[in-house]
Amino acid sequence: MSDAADLSSKYVLQTVGFDARFPNTNQTRNCFQNYTDYFKCVAAKGEDYAPCKQFRKAYNSLCPNEWISKFDEQRENGTFPASLEP
């Protein structure tokens, strides 16, 4: 079996579905909201709670990697611009 066939059997590529809260083309706010919702969900329910994983999947799909790194760094330094309390 070829390498391409092996990879296609391991990974399923999907995009985030439509979210009526963010009807515009620019998805910056959607990215930020899913990032904050994920960490609020984890704080409230724990990392293994299945619905939290949907937020993580969404922000990983919508946010550029540089933004995620910057958000993570801000969270670690206590300078993240939003409250992550549930």
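We're numbering straight along the sequence, starting at 1. Below, each value reflects all heavy atoms present in this structure, side chains not excepted, and no hydrogens, waters or symmetry copies. Just so you know, these numbers come straight off a predicted model, no measurement behind them.
- With sequence neighbours excluded, the residues that form a salt bridge (Lys or Arg N to Asp or Glu O under 4.0 Å) with Arg75 are Asp72.
- Here the CD atom belonging to Gln54 is positioned 11.0 Å from the SG atom belonging to Cys41, to the nearest 0.5 angstrom.
- Both Tyr38 and Ile68 are part of a single hydrophobic cluster, where members link through side-chain heavy atoms under 4.5 Å apart.
- Annotation: side chain of Phe39 is in contact with side chain of Tyr59 (closest heavy-atom distance under 4.5 Å).
- Counting only residues at least two apart or on different chains, the disulfide (SG to SG under 2.5 Å) pairs with a member in residues 55-86 are Cys31-Cys63.
- Closest heavy-atom contact between Gly46 and Cys52: O-SG, 4.0 Å.
- Across all their heavy atoms, Lys40 and Glu85 have their closest contact at CG-O, 3.8 Å.
- Here Thr28 pairs with Asn26 under the side-chain hydrogen bond (donor to acceptor under 3.5 Å, both in side chains) rule; sequence neighbours left out.
- A search for side chain to side chain contact (heavy atoms under 4.5 Å, CB included) contacts involving Thr79 returns Gln74, Asn77, not counting sequence neighbours.
- With sequence neighbours excluded, the residues satisfying side-chain hydrogen bond (donor to acceptor under 3.5 Å, both in side chains) with Asn30 are Gln27, Asn34.
- Partners of Lys57 according to the side-chain hydrogen bond (donor to acceptor under 3.5 Å, both in side chains) rule, which considers only residues two or more places apart in sequence or in another chain, are Gln14.
- With sequence neighbours excluded, the residues that form a ring pair (Phe, Tyr, Trp, His ring centres under 6.0 Å) with Phe80 are Phe32, Tyr35, Phe71.
- Under a 4.5 Å side-chain heavy-atom cut-off, the cluster of Ile, Leu, Val, Met, Phe, Trp and Tyr residues that includes Tyr49 has no other member.
- Hydrophobic clustering (ILVMFWY, side-chain heavy atoms < 4.5 Å, transitive): Val42 and Leu62 are in distinct clusters.
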